[in-house]
Amino acid sequence: MTESIERGELPTHYTPADVEGRLYERWISSGLFAADPTRHPARPHFSIVIPPPNVTGSLHMGHALDHSIQDALTRRRRMQGAETLWLPGMDHAGIATQNVVERELAKEGLSRHDLGREAFVERVWQWKGESGGRILGQMKRLGDGVDWSREAFTMDDQRARAVRTIFKRLYDDGLIHRAERIINWCPRCLTALSDIEVEHADLEGELISIRYGAGVDSIVVVTTRAETMLGDTAVAVHPDDDRYRHLVGRQIELPLTGRRIPVVADEHVDPSFGTGAVKVTPAHDPIDFEIGQRHGLPSLTVMDERGVISVHGPFEGLDRFEARPAVVAALREQGRVVKEVRPHEHAVGHCQRCATVVEPRVSLQWFVRVAPLAKAAGDAVRDGRVRIHPPQMAARYFAWVDNMHDWCISRQLWWGHRIPVWYGPSGETVCIGPDETPPEGWTQDTDVLDTWFSSALWPFSTLGWPDDTPDLRRFYPTSVLVTGYDILFFWVARMMMFGLYAMDGTEPFKVIALHGMVRDQHGKKMSKSFGNVVDPLDWIDRSGADATRFTLLRGASPGGDVPVAEEWAQGSRNFCNKLWNATRFALMNGAHVRGDLPAKLGTADAWILSRLQQVIAEVDAHFEDFDFAKACEVLYHFAWDEFCDWYVELAKVPLAGPEADDTRRVLGEVLDKLLRLLHPLTPYVTEELWTALTGAESLVAADWPVRRGSLTDRAAEAEITSLQRLVTEVRRFRADQGLKPGQRVPAVLEFGGSPLADHEEAIRTLLRLTAPAGGFTATASLPVEGVAVRLDTAGVIDVEAERKRLEKDLAAARKEVDQSTRKLNNQDFMAKAPEAVVTKTRSRLEQAEADIARLERQLAALPA
RNA sequence: GGGCGCAUAGCUCAGUGGUAGAGCUCUCGGCUUACAACCGAGCGGUCACAGGUUCGAACCCUGUUGCGCCCACCA
């Protein structure tokens, strides 16, 4: 690239597609992302395991954000000298994947039962090999610096061993058991679901009142699910409810069935809701199940696994939603409906994967007894061994781990880790570890494990557990877990439980860094139905991977949601282009990084280097806070507004003079450090530019900048700030007066004692001021920053416009003087305000007074 | 039903006691040999509302209104 610049052939625009593929190849082939647990044993380690994307997934904006953050953290730590590992992998995603493959089969007119279990699972593996894992290729487009040699899959052999091992251990410890309970059941997926796989949505239902029994022995119950009355085995009332006290213990007739059921008293009933009497259907409602347990009521299942009425009679064969109106109609015929149905909004559970209304169902399932595990998971955060960031998210975490129900882990699916329990011919049960063989002739449980069971092992199964591997010793616990707050419960809390359990109380990660959800430019959730979903690959194609990442990171305030719009990605692309051109300018002017910085720095050089030190400190602080938005902002502002707009412009003068080499060195220095600081955020463009600037191999392995306090120079900063004010004021004058930017104006600059005298040439260049020729007549005089700028505008100035302008400024300055004076005369203020505030107020007053003097002089100098 | 959070410029958001900020948008003027994917200048906000604390409040307290999210076994 350098040679082409020398030949003047460097394109004026950065084209991401020309560099991204090439650089990624180079990074991978040179092994820069490969971790080595034995290398540099004295150095700290930094490890992140990727939240494994579903094998069915493809890269969406949420991944792009998640990965951008992890890559930024890892790249920075690597530059800081840590032994880093960012470990990639995928999740087999039980139900989701099975559904995908079943849909494929359906196109061929087949169901999984036509294939049989073995052939179906084989088919899923085949699918996984062909179209699963598309996302891995997409991660390369994004530039993810992961260690591909350690890629893991939640269903591969090593992870299967981990699953078997921990299952056996939990089983032997009595923390896994099998029980007949009421669980969430999806009548479409035909499997049990855990509590968190059920999503509640408010639906408009109908609340209906039905009279049970007859005469004095009658009682009115209210329900939204009339069809379940076929399975009622009691009516419950509150024990203190005087209205029904006489009925408790008596039997009443259940309509339509002729069965007689008892009235029981149960604390759980709310006397103020409806009639205060509840029908009890233990087989089809979780609360009723518990009431049934307390009162020894029979459980009568009236629906099959597909939600179809299965009891003999007129409703047999009807789907639950068909049965409901049918039952109501039949009741109405008998005069049992005492009140017309009325609308009632209530929360209804839906299957997370297919949105089918969940049907509570009594069945035999496997459960993890979570109480001791959840306690440990809560304590690790309470003790401060694991830090949740941002901290307010900890409240949600505690609310969940402290109130967790037992976890139903069995699924009636075929795709997943099969439960490692075998049953003997006479009903014996044995749990078989990974290196054991089941007794001859015994049969394995047909259920598979909840997909989150294997995900929960991820931070250590990926490092080789249950084996004692160098990876596990070096990289566990991992440094930080980066993920969206939406899976705090699904995944994070479970990794905590299993990590602490399997690794003898050692937490799986030191920090949980939660980010928000990517949203559209109006803050709305991206969803297919809104039509506002953005594909990050489109952005990468059009604006580049760096622009895509920078846009996401720029919006990533800690824990906050991230709104994005393609317009903003173009802004980020422009920023990359700005860096490109700044470097192009520097290289064309001989910028370099050879040797020490000049011993004696010019003011502009001292200023930009001083600012750079401050930027390094700020970027470090923001990284430590996971505040990528601020890190981006600081760098964006420094690079564009300070370095490009001021330093580069100021540098043009000395570059043409005898001190040019000092300036070349400083230009090189600032760019060098700036590109390093930006590399974790925008890896491609910085790599391309930095290698061109320095001639070094790769920025990936370069050192992270360290702040040099000796380069801080407050005086230089003050001087340049003063220069900026002067230039801005004169530019304002020029713009207001309609002087074309390119128009050269003769001017005399009177510096008095101002140090800005050193910058006369620069000021003249920036303001397009020429030396006055003969016949110079100053038609405007601007006293700014102690410098009098006398301009010959050849009589074109608009006196009225300028007068209005100056008077406006004057009014503002006088208001400031009023306010500051009032404050300084206020005894309470003087007594109670901190010294720094008083000082600041004084200097503000002085500044305003100086402005008034200046403005008055300017006004006086205006031609009449 | 419980919990958490948010209301600041046209839009999206920073700003946790001391002169209201950024990006984008908008207006005006410019192809000034790094960059028009650019440069320069500018317009734009009684910081949701009502009280309170304080010398001083966008910021702390109370209430009101309007949103958002999470959890949830009132049928």
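In what follows, chains carry the letters A, B, and so on, assigned in the order in which the sequence lines appear, proteins first and then strands, with residues in each chain numbered from 1.
Residue whose closest nucleotide on RNA chain B sits further toward the 5' end, between A:Phe585 and A:Arg844: A:Arg844. In terms of position along RNA chain B, the nucleotide closest to A:Gln521 lies nearer the 5' end than the nucleotide closest to the other residue of the pair A:Gln521 and A:Val648.
Pairing of B:rU33, defined by two Watson-Crick or G-U wobble distances under 3.5 Å, is not identified with any nucleotide. B:rG5: Watson-Crick or G-U partner is B:rC67, with both key distances under 3.5 Å. Within the shown strands, B:rC26 is the pairing partner of B:rG42 under the Watson-Crick or G-U definition, both distances less than 3.5 Å.
Using a 4.0 Å cut-off, no side-chain N or O of A:Lys525 falls inside it from OP1 or OP2 of B:rG68. Between A:Asn574 and B:rC38, a side-chain N or O to OP1/OP2 separation shorter than 4.0 Å is present.
The interatomic distance linking A:Lys524 (NZ) with B:rC13 (C1') rounds to 18 Å, in whole Å.
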Provide a list of protein-nucleic acid N or O atom pairs under 3.5 angstrom, restricted to nucleotides 1-5 of chain B.
none

What pairs of nitrogen or oxygen atoms, one from the protein and one from nucleotides 71-75 of chain B, lie under 3.5 Å apart?
residue	atom	partner	partner atom	Å
B:rC73	O2	A:His268	NE2	3.1
B:rC74	O2	A:Asp270	OD2	2.9
B:rA75	OP2	A:His344	NE2	3.4
B:rA75	O2'	A:Val222	O	3.3
B:rA75	N6	A:Asp270	O	2.7
B:rA75	N6	A:Phe273	O	3.2
B:rA75	N1	A:Asp270	N	3.3

Show me the protein contacts with nucleotides 45-48 of chain B, counting only N or O atoms at under 3.5 Å.
none

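For A:Asp541, the side chain to side chain donor-acceptor pair (under 3.5 Å) partners are A:Arg141, not counting sequence neighbours. Evaluation of the side chain to side chain donor-acceptor pair (under 3.5 Å) rule for A:Trp407 yields A:Asp450 as partners, not counting sequence neighbours. With sequence neighbours excluded, the residues forming a side chain to side chain contact (heavy atoms under 4.5 Å, CB included) with A:Leu203 are A:Val348, A:His350, listed by chain and number. For A:Lys525, there are no side chain to side chain donor-acceptor pair (under 3.5 Å) partners at least two apart in sequence or on another chain. Residues passing the side chain to side chain contact (heavy atoms under 4.5 Å, CB included) test with A:Lys740, sequence neighbours excluded: A:Gln743.
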Task: Base-contact (B) and sugar-phosphate-only (S) positions in nucleotides 23-32 of chain B, heavy-atom cut-off under 4.0 Å, - elsewhere - done: SS----BS-B
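Nucleic acid contact for A:Cys644: base, since at least one base atom lies under 4.0 Å from a heavy atom of the residue. At a threshold of 4.0 angstrom between heavy atoms, the contacts of A:Pro834 include nucleobase atoms, whether or not backbone atoms are also involved. Counting non-hydrogen atoms under 4.0 angstrom, A:Arg573 reaches a base of the nucleic acid. Counting non-hydrogen atoms under 4.0 angstrom, A:Glu835 reaches nothing in the nucleic acid.
Nucleotides B:rA37 and B:rA48 place their C1' atoms 38 Å apart, quoted to the nearest Å. Separating the P atom of B:rG63 from that of B:rA22 is a span of 35 Å, rounded to the nearest Å. For the C1' atoms, the distance from B:rG40 to B:rA57 is 37 Å, rounded to whole Å. B:rC59 and B:rA20 have their P atoms separated by 13 Å, given to the nearest Å. For the C1' atoms, the distance from B:rG68 to B:rC60 is 24 Å, rounded to whole Å. Taking the P atoms as reference points, B:rG17 lies 36 Å from B:rC26, given to the whole Å.
Residue A:Glu729 places no side-chain atom within donor-acceptor reach of the base of B:rA41, judged by atom type and a 3.5 Å distance cut-off alone.
For the segment residues 806-815 of chain A, the set of residues with a heavy atom within less than 4.0 Å of an atom of RNA chain B comprises A:Lys808, in numerical order.
Applying the salt bridge (Lys or Arg N to Asp or Glu O under 4.0 Å) rule to pairs touching residues 555-580 of chain A yields A:Arg519-A:Asp561, A:Arg542-A:Glu566, sequence neighbours excluded. Counting only residues at least two apart or on different chains, no salt bridge (Lys or Arg N to Asp or Glu O under 4.0 Å) pair has a member in residues 815-824 of chain A.
The A:Asp645 side chain lies nearest to B:rG40 when the options are B:rA37, B:rA34, B:rG40.
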